[in-house]
Asker: 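Below is one structure. I have some questions about it.
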Amino acid sequence: MLAGNGAIKRLASRYGMRRSGSFARRFIAGESVGEAVEAAREIERQGLMVTLDLLGESVASAEEAGRATRAYLDTMAAIASAGVGRNISLKLTQLGLDVDRATTIDNLRRILDAATSGGFFVRIDMENSPYTDQTLDTFETLWNIGYRNVGVVIQSYLRRSERDVQRMNDLGARVRLVKGAYREPREAAFQQKEDVDAAFVRLLQVLLKQGTYPAIATHDPAMIEATRTFADANGIGKDKFEFQMLYGIRRDLQASLSAEGFRFRVYVPFGKEWFPYFMRRLGERPANVGFVVRSLMSER
Ligand SMILES: Cc1cc2nc3c(=O)[nH]c(=O)nc-3n(C[C@H](O)[C@H](O)[C@H](O)COP(=O)(O)OP(=O)(O)OC[C@H]3O[C@@H](n4cnc5c(N)ncnc54)[C@H](O)[C@@H]3O)c2cc1C
């Protein structure tokens with residue numbers, strides 16, 4: 001509800017990133033690639049890996065999608081010259097999925113070609129359920145052309161995900177497993193946390209057993225415990241998967257898992273289009289809304 005409110009968006013956009021202590025900086029590394037690279041360096045100093053996400057989604061024209069593609073190519077050049085981890089995450093609606101699929105594939109190929117020559121891995125984030133089929137089909141098209149430095153995301157809240165995990169495992173593709181961040185209709189997605197969690201555990205087991213270097217992306221200690229227990233019981237080594245968390249969330253767990261020798265990657269979002277991402281993070285934990293309101297008062 002708040003995400004659709006124009007006044008909130010204007011206020012948040014004006015104050016959210018203004019100073020080093022402004023509230024949106026808790027979840028977003030900054031508006032520039034320079035700030036993202038700095039954040040990545042700091043994370044890597046602690047022994048963790050990164051994936052950088054240039055925020056943006058739902059672009060409405062081929063020109064905008066072209067601009068986003070060029071911005072990604074510039075980001076990759078900046079990452080390469082800074083010497084931080086060569087791993088990026090992107091959204092297909094940022095590259096033109098709402099415009100047409102051919103444009104999206106062209107844009108994605110430009111990024112994947114640069115990624116191949118620069119030694120990058122590209123993760124295609126998963127958006128809401130109207131895009132699931134198109135995202136997986138686009139991924140598979142590129143996989144069939146021969147791109148291997150690319151992976152997808154599967155959401156445990158979707159009822160269909162067991163089939164999708166199987167499909168990706170059959171290809172040998174790398175999957176990041178998440179619970180899912182969008183409001184979805186009952187027909188498409190489980191609505192109760194216990195059902196989403198139970199599906200997450202089922203899917204992580206299939207991925208650990210049959211998948212290709214899966215990423216288990218969650219801040220939920222119960223899901224992390226389920227991953228560790230299953231890996232231990234089945235002799236799956238710590239180098240066969242990685243944990244992932246979002247920038248600014250559960251830094252305590254990030255540090256302790258990495259100290260235990262688990263491979264760990266932090267998702268570092270940055271860029272001017274941070275509002276929808278920021279609002280999804282607030283929606284996941286309404287307690288954060290109080291923190292933002294208090295910060296807004298003090299900023300004004
Ligand atoms: C690396 C990464 C990539 C992702 N990519 C995608 C994607 O492509 N598509 C997609 O739909 N979703 C994506 N997500 C988001 C995901 O779907 C969930 O919405 C999000 O991770 C919250 O679920 P959870 O597994 O942490 O469990 P939850 O049950 O939501 O939370 C468990 C615990 O984590 C902590 N926590 C969770 N969220 C917050 C928060 N915002 N602020 C403070 N504490 C919090 C709390 O302690 C909470 O009790 C991604 C998540 C990660 C970590």
Side-chain angles (χ1 to χ4, degrees), residues 49 51 87-92 97 101 104-105 108-109 111-112 115-116 120-182 184 188-190 195-218 220 222-245 257 262-265 267:
M49 301 178 288
T51 179
N87 193 307
I88 56 171
S89 295
L90 52 77
K91 292 184 173 47
L92 291 188
L97 204 55
R101 187 147 170 256
T104 312
I105 289 180
L108 187 55
R109 285 194 74 168
I111 291 172
L112 290 180
T116 305
F120 278 78
F121 182 78
V122 179
R123 178 76 63 179
I124 303 174
D125 286 347
M126 187 57 84
E127 299 176 73
N128 44 341
S129 57
Y131 298 108
T132 313
D133 273 326
Q134 295 181 69
T135 303
L136 294 177
D137 290 350
T138 303
F139 169 78
E140 199 165 336
T141 302
L142 289 158
W143 184 269
N144 289 335
I145 296 172
Y147 292 101
R148 290 293 178 272
N149 53 339
V150 56
V152 287
V153 177
I154 302 286
Q155 299 151 323
S156 77
Y157 66 11
L158 291 189
R159 297 177 192 275
R160 56 178 286 166
S161 284
E162 223 146 307
R163 281 195 320 277
D164 293 334
V165 160
Q166 203 52 59
R167 173 176 169 193
M168 293 302 122
N169 283 352
D170 289 346
L171 289 176
R174 277 169 62 173
V175 170
R176 172 202 291 154
L177 179 64
V178 301
K179 290 191 189 177
Y182 300 84
E184 293 287 355
F190 302 117
D195 295 331
V196 177
D197 288 359
F200 194 98
V201 172
R202 284 196 301 276
L203 296 175
L204 77 82
Q205 294 182 347
V206 178
L207 283 166
L208 286 175
K209 263 231 129 118
Q210 298 159 11
T212 305
Y213 190 67
I216 310 300
T218 178
D220 187 342
M223 300 300 108
I224 291 165
E225 194 47 43
T227 308
R228 303 173 60 141
T229 309
F230 187 79
D232 268 355
N234 290 277
I236 296 162
K238 286 179 174 158
D239 58 334
K240 295 291 185 287
F241 64 96
E242 65 184 40
F243 285 117
Q244 296 187 351
M245 287 190 195
L257 285 166
F262 287 103
R263 296 174 63 89
F264 202 101
R265 191 177 304 279
Y267 182 104

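Just so it is clear, the structure is predicted and the values come from calculations on it, not from any experiment.
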Asker: Distance-only, no hydrogens or angles: does the E184 side chain make a donor-acceptor pair with backbone N or O of S129 under 3.5 Å?
Answerer: yes
Asker: Is a side-chain N or O of R123 found less than 3.5 angstrom from the main chain of V152, in a donor-acceptor match?
Answerer: yes
Asker: Output yes when a side-chain donor or acceptor of S156 lies under 3.5 Å from a complementary backbone atom of A199, and no otherwise.
Answerer: no
Asker: Between the main-chain N or O of I236 and the side-chain N or O of N234, is there a donor-acceptor pair closer than 3.5 Å?
Answerer: no
Asker: Please answer whether the main-chain N or O of W143 pairs with a side-chain N or O of R148 as donor and acceptor at a distance below 3.5 Å.
Answerer: yes
Asker: If we ignore angles and hydrogens, is there a donor and acceptor under 3.5 Å between the side chains of Y182 and E127?
Answerer: no
Asker: For the atom pair CZ (F264) and CE (M49), what is the distance rounded to the nearest 0.5 Å?
Answerer: 9.5 Å
Asker: Are there more than 12 heavy atoms of other residues, nucleotides or ligands under 6.0 Å from atom NZ of K209?
Answerer: no
Asker: Could you pull out the closest heavy-atom pair between V122 and A115, with the gap in Å?
Answerer: CG2-CB, 3.7 Å
Asker: Using a distance-only test with no angle check, is there a side-chain donor-acceptor pair under 3.5 angstrom linking R263 and Y213?
Answerer: yes
Asker: Does any N or O in the side chain of Q134 come within less than 3.5 Å of the main-chain N or O of R101, such that one atom is a donor and the other an acceptor?
Answerer: no
Asker: Using the six-membered ring wherever Trp is involved, compare the ring planes of F243 and F262 and label them parallel, tilted or perpendicular (cut-offs 30° and 60°).
Answerer: perpendicular
Asker: Under 4.0 Å between a side-chain nitrogen and a carboxylate oxygen: does that hold for D195 and R159?
Answerer: no
Asker: Mind running side chain to side chain contact (heavy atoms under 4.5 Å, CB included) on N149 and L112 for me, showing each step along the way?
Answerer: CA-CA 7 Å; N149 53 339; L112 290 180; 4.2 Å; yes
Asker: Only one of V153, L92, V150 passes side-chain contact (heavy atoms from CB on, under 4.5 Å) with F139; say which it is.
Answerer: V150
Asker: Measuring from L158:CG to K179:NZ, what's the distance to the nearest 0.5 Å?
Answerer: 14.5 Å
Asker: Taking only residues two or more places apart in sequence or in another chain, which ones pass salt bridge (Lys or Arg N to Asp or Glu O under 4.0 Å) with R160?
Answerer: D133, D164
